[in-house]
Amino acid sequence: MAQLITLIVVLGTLALILTRIRAGALHFRFGEWPLGQQIEAGLALLFALLAALAAAAGEYGFASWLVSMAALLAAFAVLTWPKSG
């Protein structure tokens, strides 16, 4: 059940990103907060670290989920960084 919910959330997020790109209004409010980009990058790094620890413990399914969440957060951080310049 958790895998299905995760899949729905990831697909919904990708659909949101695609519709925003097509509309030319890609806008992530969290990235525009003071320290928002640093928080996104920090969470991505934290999830990547936790994924490494989970993989070392032999929890490969959970580690792969953490890696996918880290990649999603890193993508959000990277997409919002060019707008701040």
Side-chain angles (χ1 to χ4, degrees):
M1 186 66 176
Q3 294 164 343
L4 180 63
I5 292 172
T6 302
L7 180 65
I8 290 170
V9 168
V10 170
L11 289 177
T13 303
L14 290 175
L16 176 66
I17 290 171
L18 289 176
T19 56
R20 292 293 186 160
I21 289 173
R22 291 187 72 200
L26 188 62
H27 180 73
F28 295 105
R29 293 175 190 252
F30 184 74
E32 294 177 357
W33 291 358
L35 300 177
Q37 295 164 343
Q38 289 84 358
I39 291 171
E40 285 178 340
L43 283 174
L45 184 63
L46 176 68
F47 278 171
L49 177 65
L50 290 175
L53 291 174
E59 294 289 334
Y60 300 113
F62 185 55
S64 64
W65 180 83
L66 283 170
V67 165
S68 65
M69 292 300 110
L72 189 63
L73 281 169
F76 284 155
V78 169
L79 284 173
T80 57
W81 275 346
K83 291 183 175 232
S84 67

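Atoms considered below: every heavy atom in the structure, side chains included; atoms not considered: hydrogens, waters and symmetry mates. The first residue in the sequence is number 1, and the count goes up from there.
Of all heavy-atom pairs spanning A74 and A44, the tightest one is N-CB, 3.8 Å. Minimum interatomic distance between E40 and L73 (heavy atoms only, all atoms of both residues): O-CB, 4.2 Å. Closest non-hydrogen pair, A55 versus A63, comes out as N-CB, 3.7 Å. For the pair A70 and A48, the tightest heavy-atom approach, listed with the atom from each and the gap, is CB-N, 3.8 Å.
Connection of M69 to L14 is established within a shared hydrophobic cluster, with ILVMFWY side chains joined at heavy-atom distances below 4.5 Å, either directly or through further cluster members. Residues L66 and L43 share a single hydrophobic cluster, defined by chaining ILVMFWY side chains whose heavy atoms lie under 4.5 Å apart. Cluster membership check: F47 shares its hydrophobic cluster with V10, using side-chain heavy-atom separations under 4.5 Å among Ile, Leu, Val, Met, Phe, Trp and Tyr. Connection of Y60 to L53 is not established within any shared hydrophobic cluster, with ILVMFWY side chains joined at heavy-atom distances below 4.5 Å, either directly or through further cluster members.
One distance of note links CG of L45 with CG of L50; it measures 9.5 Å at 0.5 Å rounding.
As a member of the Ile/Leu/Val/Met/Phe/Trp/Tyr network built from side-chain separations under 4.5 Å, L11 groups with L7.
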